[in-house]
Amino acid sequence: MNKQNYTIIGTAGHVDHGKTTLIKALTGIDTDKLKEEKKRGITIELGYAYLDLPNGQKAGIIDVPGHEKFIKNMLAGASTISLALIIIAADEGIMPQTREHLDILSLLSIKKAVIALTKADTVEIDWLDMAKEEIRTELDKNYTFIKNAEIIPVSAHTGYGMDSLKKSLFNLAQNAAGHPKASAPFRLPINKTFSSDGFGTVVTGTVTDGSISVGDEVILYPKGISSKIRFIQNHAKKVDTIYTGQRAAINLGGISLEQVQKGDTIAIANSMRAATKIDVKINVLSSCNREIIDKSKLHFHSGTANTLAKLLLFDRTSLKKGESAYAQLLLDEPMTLRFKDKFVLRFYSPLETVAGGVVLDTEGARYKKGEDLAAFKIKDEGGMRERIERVVYERQSINLADLRTRLFDESAEFDKEMAYLIKAEKMFLMAGAKGETVIGVQFLKSLSDKLIKILDEYLNKNPLVNGMPKAKLNGIDNKILEIMHNLKLIKFEGDAVKRVDFVSSVGVRHQRICDGIEKRLKNSGFTTPSLDDLRGEFINEGKFFKESFDMLVSDKKVVMLTAQVMMSGEYYQKALDIFKELFKNGPVVLGDFRDKLGTSRKYALALLEHFDLKKITKMIEDARVLC
């Protein structure tokens with residue numbers, strides 16, 4: 001695994017405070033590429049550069065727009081940074097967009113920052129000191145997440161303070177803790193797409209999770225299109241592998257330029273979800289002067305993508321400044337998200353940043369107004385075992401791969417906790433065409449309660465049967481029935497299902513008839529009376545004969561071979577044993593089977609055809625073999 005720790009530096013600050021000019025002075029790279037940017041003198045799209053560090057690494061730099069009209073572009077860039085370079089002009093100080101950018105950084109949990117006090121050559125020393133004091137006071141009061149950030153006066157034109165700024169950036173970049181998502185499945189939110197002659201579709205972005213190499217398979221989310229990595233560039237240099245915290249240009253094979261757009265994500269297969277209803281924790285800015293009403297529309301930003309979202313609150317009707325709450329967001333368009341992804345919310349109109357938060361579940365459950373929100377708290381603060389149990393409880397059954405994706409955990413902890421829950425019989429695995437499905441014990445108990453009601457209704461209508469045939473339980477998988485049986489929620493008798501405390505209600509008259517039928521058939525051996533003949537022998541019993549006979553069939557003490565031909569369960573098994581013995585010498589023909597039974601062709605054929613029906617045997621030319 002790669003041990004290096006890569007850093008993305010992102011600018012922040014009010015328009016015309018010198019962000020782009022400062023980046024060019026730091027790196028020699030002009031990040032404004034568009035003609036309109038050159039003409040207007042402002043940054044519109046995200047710009048990219050890199051800073052050479054003393055350890056030989058290159059720290060990526062994202063230059064964001066400062067104008068309020070381009071805040072969604074700023075959000076797309078800020079979402080992938082790990083170190084903020086906050087630019088404040090010495091001659092103007094903190095301005096409205098400075099504050100909004102700082103609000104966004106706080107919502108995205110950016111903890112590391114350097115403040116460049118630009119245009120230092122345009123003011124007096126006393127003014128610089130006053131500007132630094134004003135900034136420090138503002139940070140201490142409203143932006144405590146970076147209140148200890150170093151404030152460095154600089155001039156991009158004269159070079160004043162540039163060495164100090166570089167040193168501060170170097171120290172923060174090189175002494176940073178390892179990326180927490182470096183071992184997670186690869187993900188890159190796309191912020192730019194283009195077509196390159198001879199190569200095809202190229203996407204650019206910052207690797208936020210894991211690593212990827214040339215030749216690896218990826219999926220374009222949320223569209224679900226498969227692709228293979230053809231080549232990778234990092235700061236215009238071709239590389240074989242790209243890691244968390246690095247900028248990358250990636251050539252995607254098998255995807256046309258029309259199929260991909262800014263805001264999409266490339267990631268490892270089965271590692272992402274295209275979400276439209278998400279459980280979240282929302283934190284409203286303490287500077288927010290607006291009340292956020294339940295069911296209101298908001299602009300939702302996460303990664304490089306954005307859409308509109310409807311807010312659903314459950315334990316209140318609105319959110320005010322500084323408040324936090326669990327909630328759901330209904331997204332207008334599918335967004336590719338993972339557990340604990342950060343997001344920012346902006347007011348619908350007028351546009352302004354009001355809140356942010358984290359994703360707790362990419363497939364939210366249905367909650368009712370006023371409902372206890374313990375489920376959200378478990379997803380937010382609970383351990384892995386609690387989160388698994390909660391998600392499975394809500395879904396009742398879920399594909400194992402989907403469960404892992406929703407909990408966003410590829411670590412050994414997930415496997416350890418799943419193994420514990422299965423061993424403790426709190427979770428059960430069922431194999432299927434699309435992989436293993438996880439079923440929770442609560443769901444099984446709920447299902448068994450419904451099943452017992454069905455059994456009770458059936459047995460009330462059929463009081464003499466010894467249980468309900470499995471074949472009549474349409475829609476309930478045999479594997480689930482087996483698990484219920486093992487948990488002693490139900491019990492089996494042959495192919496019949498019954499409740500654990502079931503007691504047969506067979507009366508004296510019915511029992512006498514049953515005993516008579518069984519005795520008659522056992523005495524008949526392999527040459528039995530027809531159903532009509534048997535009914536005639538009990539002509540005086542009327543409906544009691546039918547009820548008794550049906551009970552014997554249900555209990556498999558009598559086997560109906562055809563509508564008229566029957567045999568006792570004991571002799572049916574003997575006939576099967578005889579067939580298996582004959583089969584030791586090769587395929588069995590009707591005549592040999594008939595002679596061995598000592599009966600007529602009629603009964604031997606009825607038995608063989610019943611074996612075929614049950615898929616015990618099958619015909620090959622004029623003989624039968626075991627399946």
Side-chain angles (χ1 to χ4, degrees), residues 447-476 478 481-482 484-485 488-576 599-600 602-603 605-616:
L447 192 60
S448 69
D449 290 341
K450 295 176 183 177
L451 175 58
I452 286 171
K453 288 181 181 179
I454 294 171
L455 292 175
D456 288 345
E457 290 175 6
Y458 180 82
L459 294 171
N460 286 336
K461 293 178 182 177
N462 305 274
L464 302 179
V465 299
N466 202 25
M468 186 174 181
K470 290 181 184 177
K472 291 184 177 292
L473 291 170
N474 296 328
I476 301 182
N478 282 334
L481 290 175
E482 288 287 345
M484 289 182 181
H485 175 260
K488 294 182 171 50
L489 301 173
I490 58 172
K491 65 180 180 180
F492 298 149
E493 187 161 320
D495 274 347
V497 183
K498 52 190 175 183
R499 59 189 303 160
V500 175
D501 57 355
F502 174 80
V503 177
S504 176
S505 59
V506 178
V508 174
R509 185 172 182 179
H510 286 103
Q511 190 63 59
R512 176 174 55 78
I513 297 169
C514 286
D515 291 344
I517 294 172
E518 285 191 90
K519 183 177 179 180
R520 176 72 174 87
L521 293 181
K522 286 181 181 179
N523 290 338
S524 300
F526 296 117
T527 307
T528 56
S530 67
L531 178 57
D532 288 342
D533 288 342
L534 185 63
R535 187 182 293 113
E537 294 177 23
F538 292 85
I539 191 67
N540 295 323
E541 301 297 350
K543 70 170 187 175
F544 293 98
F545 170 79
K546 182 181 186 310
E547 291 172 349
S548 301
F549 186 82
D550 288 347
M551 182 170 61
L552 291 171
V553 173
S554 176
D555 291 345
K556 293 196 172 182
K557 293 178 179 178
V558 174
V559 180
M560 293 301 297
L561 305 178
T562 70
Q564 285 293 322
V565 179
M566 72 193 77
M567 196 160 289
S568 74
E570 180 183 337
Y571 272 82
Y572 181 84
Q573 185 59 48
K574 286 181 179 179
L576 182 55
T599 188
S600 68
K602 168 185 171 181
Y603 295 102
L605 181 60
L607 279 162
L608 290 174
E609 288 180 344
H610 195 270
F611 294 162
D612 292 345
L613 181 66
K614 294 296 182 181
K615 300 192 184 306
I616 299 171

Taking every non-hydrogen atom, the tightest pair across L521 and P529: CD2-CD, 4.1 Å
K470, NZ: over 12 other non-hydrogen atoms inside 6.0 angstrom: yes
Minimum-distance pair of heavy atoms, taken over all atoms of F538 and G516: CZ-C, 3.8 Å
T527 side chain vs T599 backbone, donor-acceptor pair below 3.5 Å: no
Taking every non-hydrogen atom, the tightest pair across Y571 and G525: CE2-CA, 3.4 Å
Verdict with reasoning, E518 to S568, per side-chain contact (heavy atoms from CB on, under 4.5 Å): CA-CA 7 Å; E518 285 191 90; S568 74; over 6 Å; no
Residues I517, C514; criterion side-chain contact (heavy atoms from CB on, under 4.5 Å); working and verdict: CA-CA 5 Å; I517 294 172; C514 286; 5.9 Å; no
Proximity of F549 and F544 rings by center, below 6.0 Å: no
Spacing of CG belonging to L451 relative to CG belonging to L473, to within rounding of 0.5 Å: 5.5 Å
Side chains of P469 and Y458 in contact at under 4.5 Å (non-hydrogen atoms): yes
Heavy-atom pair of closest approach, residues L481 and I490: O-CD1, 3.7 Å
Full working for side-chain contact (heavy atoms from CB on, under 4.5 Å) between K498 and F492: CA-CA 6 Å; K498 52 190 175 183; F492 298 149; over 6 Å; no
Test salt bridge (charged side-chain N to carboxylate O under 4.0 Å, His left out) applied to K556 and E570, step by step: CA-CA 9 Å; K556 293 196 172 182; E570 180 183 337; over 6 Å; no
Carboxylate-amine/guanidinium contact E609 K614, below 4.0 Å: no
Heavy-atom closest pair, residues F526 and M567: O-CE, 3.8 Å
Euclidean distance, K472 NZ relative to L455 CG, rounded to 0.5 Å: 13.0 Å
Of all pairs that satisfy salt bridge (charged side-chain N to carboxylate O under 4.0 Å, His left out), the ones with a partner from residues 447-460, not counting sequence neighbours: D456-R499
Steps toward salt bridge (charged side-chain N to carboxylate O under 4.0 Å, His left out) verdict (K546, D550): CA-CA 6 Å; K546 182 181 186 310; D550 288 347; 2.7 Å; yes
Nearest atoms (heavy-atom pairs only) where A575 meets F611: C-CZ, 4.2 Å
Value rounded to 0.5 Å, distance of CD1 in I539 from CG in L534: 11.0 Å
Ring geometry between Y572 and H610 (parallel below 30°, tilted from 30 to 60°, perpendicular above 60°): perpendicular
Atom pair CG (L613) and CG (L608), whose distance is rounded to the nearest 0.5 Å: 12.5 Å
Listed once per pair and sorted, the side chain to side chain donor-acceptor pair (under 3.5 Å) pairs that draw on residues 557-567, sequence neighbours left out: D532-Q564
Donor-acceptor under 3.5 Å (T528 side chain, M566 main chain): yes
